[in-house]
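Only one structure is covered here, and it is reproduced in the block below.
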Protein chains: 2
Amino acid sequence: MAKASSVKDVAALAHVSLGTVSNVLNRPERVSPATRAKVEQAMRDLGFVRNESARQLRAGRSRTLAYVLLDARNPFFTDVAQGAELAAESAGLSLFLCHSDNRASREGDYLAHLVEQRVQGILVTPVDPNAAALDDVRRNGTPLVIVDRTRDDDHFCSVAVDDVLGGRLAVEHLVEAGHTRVAFIGGPETIGQVRDRLAGAREAWVAADLPEDQLVVVGTEALTVAEGRSAGERVMGIASSRRPTAAFCANDLLALGLLQQLSTAGLSVPGDLAIVGYDDIEYAAAAAVPLTSVRQPRQELGRRAAELVLDEAENPDHLHQQVVFTPELVARRSTRG
Amino acid sequence: MAKASSVKDVAALAHVSLGTVSNVLNRPERVSPATRAKVEQAMRDLGFVRNESARQLRAGRSRTLAYVLLDARNPFFTDVAQGAELAAESAGLSLFLCHSDNRASREGDYLAHLVEQRVQGILVTPVDPNAAALDDVRRNGTPLVIVDRTRDDDHFCSVAVDDVLGGRLAVEHLVEAGHTRVAFIGGPETIGQVRDRLAGAREAWVAADLPEDQLVVVGTEALTVAEGRSAGERVMGIASSRRPTAAFCANDLLALGLLQQLSTAGLSVPGDLAIVGYDDIEYAAAAAVPLTSVRQPRQELGRRAAELVLDEAENPDHLHQQVVFTPELVARRSTRG
DNA sequence: CCGTTCCGTTGAAACCTTTCAAACCGAGGA
DNA sequence: TCCTCGGTTTGAAAGGTTTCAACGGAACGG
């Protein structure tokens with residue numbers, strides 16, 4: 001593999017000028033068919049590959065979008081990513097995924113790197129939506145959209161789903177089914193999502209005139225399958241006379257863990273405990289007992305976020321907007337006697 | 001947001017030359033503390049962010065690794081990615097994930113883009129390990145390592161797991177448990193993995209002197225949960241006198257689908273059908289009936305791949321190697337009476 | 001046959017950083 | 001006093017592309 005060849009080499013081989021080669025690359029319609037063919041042949045002969053760094057340096061903009069996500073293992077985020085990918089693809093851009101793994105420091109490293117690379121735009125589901133690191137990105141002129149989180153100010157575009165409404169839908173569904181003692185499983189409360197879903201749950205509970213202390217909050221350390229199992233043990237540890245007859249989990253992973261824990265313990269769902277999850281990930285419908293869940297328009301979330309970030313990048317009179325989608329309850333066997 | 005400032009602006013503000021600013025950036029130890037402080041202050045005042053394109057253009061190499069993966073929803077790949085990330089991080093590089101979604105065209109687009117970007121190296125789990133697109137990457141001088149697949153020639157480094165052995169382990173386990181009629185569930189056979197696991201299964205079957213026609217192959221279109229359920233229906237459709245008593249699934253997603261299908265149909269695992277999966281993803285241990293599975297050293301796979309690609313990038317006498325890891329059977333309830 | 005017009009092509013500047021040989025400067029030694 | 005030496009700093013070149021004003025020539029109308 002000889003040293004990579006440049007436009008100059010191509011130009012020399014094709015007996016044309018540098019500028020013409022560049023035109024073939026960027027405005028082929030302006031080049032006569034004959035010259036174009038000559039140049040393209042030369043490119044092939046040399047195995048020419050355009051140097052994107054040089055291109056970007058001169059042209060000023062890159063052909064890349066990035067999505068910095070919290071947890072690549074949670075199908076919710078990969079679905080969002082898929083939506084963003086579709087939007088990026090149709091704009092002729094590539095989407096790179098960066099996995100912050102819930103660590104603020106990694107998130108910061110990625111953001112800094114992306115800003116240095118002058119990507120067209122960044123989508124991010126941040127560890128902390130109010131972190132100053134996000135303002136730094138903005139200050140450096142890289143468009144940034146917050147995904148599935150909201151911020152206290154409106155300095156950014158964001159796309160999110162109405163989690164309070166989602167919480168309300170879930171609990172209304174349980175109340176309608178006649179449950180009068182319900183557990184809310186989720187945590188930590190530092191996550192805005194968890195707070196909102198719980199708030200929605202409370203609204204529905206109060207609206208149904210049920211006594212507040214019958215909505216039991218079972219805290220978790222994270223929104224994972226393992227935490228769901230451990231929450232399950234705690235719920236089952238409650239004396240059966242006072243044990244909730246239904247549980248609303250802050251996400252589907254928790255719900256799946258809970259479900260597993262129950263079936264290991266030989267209890268039936270929904271007989272012994274009805275379960276509502278949140279996110280409606282693929283595995284929810286596919287669980288041993290298909291899960292009732294609150295569906296979020298995941299792909300749509302990603303698609304819209306990508307569109308917003310592109311608008312911010314291209315449209316000089318771009319206005320920040322906070323897009324809020326509406327969730328929807330999908331009832332399945334886990335709440336149906 | 002005023003136009004981004006450059007080293008030139010920083011130099012002017014700090015009353016030093018261009019070169020000094022660059023030294024602060026790249027070889028701070030050569031700059032006297034006083035000057036350094038001045039320059040750093042100027043950078044802060046201007047909100048200077050190094051332009052990575054220009055840096056890379058001049059310096060010749062990037063600070064990026066990329067992993068082009070098949071299916072972001074399959075936890076197997078995200079675990080591999082995690083391993084690669086760790087290796088990249090400790091080499092001071094960033095890892096970008098690119099989701100080919102099993103489409104050769106998307107994979108090709110990503111590879112081309114990455115080559116144009118002159119990334120340090122590419123890890124890829126390709127749709128087709130023998131595709132010419134991979135050779136193109138190599139020809140253009142970008143190091144590339146094939147992950148979890150193997151190629152017919154040895155023009156590349158690759159890291160994989162011995163799938164034939166894995167298949168053998170799975171079936172030996174079932175044979176030891178006394179099963180004499182077993183289904184192999186998986187497909188399409190264009191996937192090397194599937195072929196190898198089946199080959200291993202056959203080896204073990206023959207070694208146990210069992211009649212060949214009692215190892216039933218149930219084909220699938222893909223390695224997904226949905227396909228697992230549909231395969232389940234087909235298996236259950238077999239007259240009970242001739243129905244296998246155990247199934248070996250080519251991956252855990254299939255196994256999970258199968259498990260769900262059975263429990264929906266009111267059948268018991270392993271009572272009515274014992275199940276062995278493959279990959280030992282997190283959800284396998286966490287399934288309603290914990291799955292026996294063949295574990296692959298996923299993180300290790302990613303880590304080693306990243307190390308190899310870095311060696312290829314930095315070491316002039318790099319030799320391609322085909323690393324093959326050994327899988328391991330993890331027995332759980334799905335095969336234990 | 002000349003003047004326009006239009007299309008295709010050219011050449012040089014610009015983008016921002018890194019690199020490296022050379023210049024600088026103050027200190028210590030002769 | 002002059003030299004040498006070490007550590008700092010400088011200035012210019014280089015890296016590969018895009019952009020754009022300017023150019024050449026052919027076709028066309030007069």
Without swapping roles, check the side chain of B:R36 against the backbone of B:P28 for a donor-acceptor pair under 3.5 Å.
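At least one qualifying donor-acceptor pair exists.
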Stretch residues 34-48 of chain A: residues that reach within less than 4.0 Å of DNA chain D through a heavy atom
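Heavy-atom cutoff 4.0 Å gives A:F48.
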Under a 4.0 Å heavy-atom cut-off, which of residues 20-31 of chain A touch DNA chain D?
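Contacts with DNA chain D under 4.0 Å: A:S22, A:L25, A:N26, A:R27.
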Determine to 10° how strongly the helix from C:dC1-D:dG30 to C:dA30-D:dT1 is bent, judged from the axes of its five-pair ends.
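The helix from C:dC1-D:dG30 to C:dA30-D:dT1 shows an end-to-end axis angle of 60°.
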Gap between atoms [atom1] and [atom2], on [X] and [N] respectively (whole Å):
X: A:R61; N: C:dC15; atom1: CZ; atom2: P; value: 18 Å
X: B:L57; N: D:dA13; atom1: CG; atom2: C1'; value: 13 Å
X: B:Q117; N: D:dT17; atom1: CD; atom2: C1'; value: 14 Å
X: B:R118; N: D:dG16; atom1: CZ; atom2: C1'; value: 9 Å
X: A:R55; N: D:dT19; atom1: CZ; atom2: C1'; value: 13 Å
X: A:R58; N: D:dT18; atom1: CZ; atom2: P; value: 10 Å
X: A:L18; N: C:dA13; atom1: CG; atom2: C1'; value: 12 Å
X: A:K8; N: D:dG15; atom1: NZ; atom2: C1'; value: 9 Å

Quick check: on DNA chain D, is the nucleotide nearest B:A54 upstream (toward 5') of the one nearest B:H15, or the reverse? Name the residue that is more 5'.
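In this pair, the answer is B:H15.
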Out of C:dT17, D:dG11, D:dT19, which has the shortest distance to the side chain of A:A59?
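Of the candidates, D:dT19 comes closest.
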List for me each residue that meets salt bridge (charged side-chain N to carboxylate O under 4.0 Å, His left out) alongside A:D101, sequence neighbours excluded, and say none if there are none.
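Salt bridge (charged side-chain N to carboxylate O under 4.0 Å, His left out) list for A:D101, sorted by chain: empty.
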Got a sec, which residues hit salt bridge (charged side-chain N to carboxylate O under 4.0 Å, His left out) with B:D135, two or more places apart in sequence or on another chain?
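Per chain and number, B:D135 pairs via salt bridge (charged side-chain N to carboxylate O under 4.0 Å, His left out) with B:R151.
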Using a strict threshold of under 4.0 Å (side-chain N to carboxylate O), is an ion pair present between [Y] and [X]?
X: A:R149; Y: A:D128; result: no
X: A:E89; Y: B:R103; result: yes
X: A:R106; Y: A:D109; result: no

Among residues at least two apart in sequence or on other chains, which ones pass ring pair (Phe, Tyr, Trp, His ring centres under 6.0 Å) with B:H318?
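Expected list: B:H320.
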What's the verdict on salt bridge (Lys or Arg N to Asp or Glu O under 4.0 Å) for A:R298 and A:D148, showing C-alpha distance, side-chain angles and the deciding distance?
CA-CA 9 Å; A:R298 304 185 288 276; A:D148 195 43; over 6 Å; no
Does a side-chain N or O of [X] approach OP1 or OP2 of [N] to a distance below 4.0 Å, or not?
X: A:S17; N: C:dT10; answer: yes
X: A:S32; N: C:dT9; answer: yes
X: A:R50; N: D:dT18; answer: yes

Between CD1 on residue A:I146 and CD1 on residue A:I122, distance to nearest 0.5 Å
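Reported value, rounded in 0.5 Å steps: 11.5 Å.
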Taking atom SG of B:C98 and atom CG of B:L69, what is their separation to the nearest 0.5 Å?
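Those atoms lie 8.0 Å apart.
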Any side-chain donor paired with an acceptor under 3.5 Å for A:N26 and A:R55?
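No, A:R55 and A:N26 have no side-chain donor paired with an acceptor closer than 3.5 Å.
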Is there a side-chain contact between B:L223 and B:D71, using heavy atoms and a 4.5 Å cut-off?
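Of all side-chain heavy-atom pairs linking B:D71 with B:L223, none is under 4.5 Å.
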